[in-house]
Amino acid sequence: MASSILLADHAWLGRGFADEVALAIEGGVFAAAAAFSDRGERIGRYVVPGVPNLHSHAFQRAMAGLAERRGQSEDSFWTWREVMYAFAGRIGPDELRAIAAQLYVEMLKAGYTHVCEFHYLHHRTDGKPYADPAAMSLALVDAAREAGIGLTLLPTLYMTGGFDGRALGERQRRFGHEVDAYLRLLETLRALESPMLRVGVALHSLRAVPEEAMRVVLENKTVRDGVVHIHIAEQIGEVQDCLAIRKARPVEWLFDHADVDARWCLVHATHLTEEETRRIAESRAVAGLCPTTEANLGDGLFPLKPYLDAGGVIGIGSDSHISVSPVEELRWLEYGQRLVTRHRNVSASATMPSTGETLLAHALAGGAQASGANIGRLDAKHGVAPRADLVVLDDASPLLAGRDVAHAIDTWLFAGNANLVRDVMAGGEWLVRDGRHRDEARIASRYRAVVEALAIAD
Ligand code: NGQ
Ligand code: ZN
């Protein structure tokens, strides 16, 4: 890992651009600020922190496009889930490694430098553990290392098939754990932690985790200092079931039964009352928004404006990977709001008038918080040097012609469809240069072989 000084005409510091910035990199982190001089390497006009992707189910990348045909009955999230389960049943460790590595290369090329993997494909399809019970988790760790992306691995607790505590269905069996075995898996993975690999906890959903199990896991000492992710209130049906069985709405129930704070990431949190919106905002938990997946699955729209007005924290994820791009997530986050409110620049405010900069600042801060990693910025915070993750935009692109620094991020996020991400570094390593990942040919050809074999076996 070389030490170096990188020079940017404009680099994103704090919540916006500063001019003529020298970034000193040492041991994979941004060391104390350096002087802007000839001794550094000029890397480009616009340099921004790598974007954290706070929600991913990597295997679903390989089924993108396979659930867009009408079925017999009315299509919904729940019919999509059946297609997804059938697909998931065919993924073992080798398939997962190949799919995830390809996905992570695509993420890096799009500007994501860290991913939170909400991982629940733990066992063989009959529910029996692999010879190494961590085999599927380790396939994700390997894939992240091959691609060079930072990873927050979130082994996911999944125990029941519904709020009524019913047993897992046949196709859910491989997701399941008893609490003890789950905590053992967590401990095995915790031993591997490094600056590029964090380990947190995920509860799949209130549907999948009984109250008592949730309590035991949250009280466990290895869990207490890490991040906690959960899918919540994504579909109306889920809110109704929760109300019927637990006598409270999902977010309401969670806040009444757990100390939800800044360690938490509430994924989707789509269907909220005003009171629930306020409670999440005040808790400082991250709302983990995945706009392209939420649109694709017909989930509904998050109440963004009231939530941001209440000071809420958000981040973005690509979830099912129907799209792999922070541009698309942030663009659709804003566009969904414009379409329902019939206003423009909904996310921006008087203090931060640029919609693009506002959204990027949120995604960086909220994503870093949900990752439990020291990322999302180019400058030290409280004296702690962040990991050296950065994105250089392609200033030679016609899209950026005639744009000054005040319009660079708005142009990146809202104009056109050409990918403006030119160079990407994570953990102090250049992974993407001139739009190409250092190992993309090998990783893509292995991916192709795996996905073609899955298609032949159909
Ligand atoms: C998942 N995905 O775990 O992959 C879920 C679907 C479920 C999204 N919610 C399955 N987007 O929620 O039961
Ligand atoms: Zn999810």
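Counting starts at 1 for both ligands and their atoms, in listed order.
- Contact annotation: the side chain of Tyr85 never approaches that of Glu170 to less than 4.5 Å [non-hydrogen atoms, C-beta and beyond].
- For the pair Arg278 and Phe255, the NZ or CZ position fails the cation-pi test of under 6.0 Å to the six-membered ring centre and within 45 degrees of the ring normal.
- Protein N/O/S atoms closer than 2.8 Å to the Zn ion (ligand 2), listed by chain and residue number, are His55 NE2, His57 NE2, His231 NE2.
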Residues Glu68, Asn296; criterion side chain to side chain donor-acceptor pair (under 3.5 Å); working and verdict: CA-CA 9 Å; Glu68 309 300 322; Asn296 186 267; 3.2 Å; yes

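- At least one side-chain heavy atom of His119 sits under 4.5 Å from a side-chain heavy atom of Leu96.
- Contact record, Leu254 with Met214: CD1-SD, 4.1 Å, taken as the closest heavy-atom pair.
- Residues Lys305 and Gln337 share a closest heavy-atom pair of N-OE1, 4.3 Å.
- With sequence neighbours excluded, the residues satisfying ring-ring contact (aromatic ring centres under 6.0 Å, His included) with His268 are His55, His231.
- Side-chain contact of Ser347 with Glu334: a donor-acceptor pair under 3.5 Å is present, judged by distance alone.
- Every residue was checked against the side chain to side chain contact (heavy atoms under 4.5 Å, CB included) condition with Ala167, not counting sequence neighbours, and none meets it.
- Contact residues for ligand 1 (protein heavy atom closer than 4.0 angstrom to any ligand atom): His57, Gln60, Phe77, Trp80, Arg81, Met84, Tyr120, His204, Arg207, His231, Glu234, His268, Leu297, Asp319.
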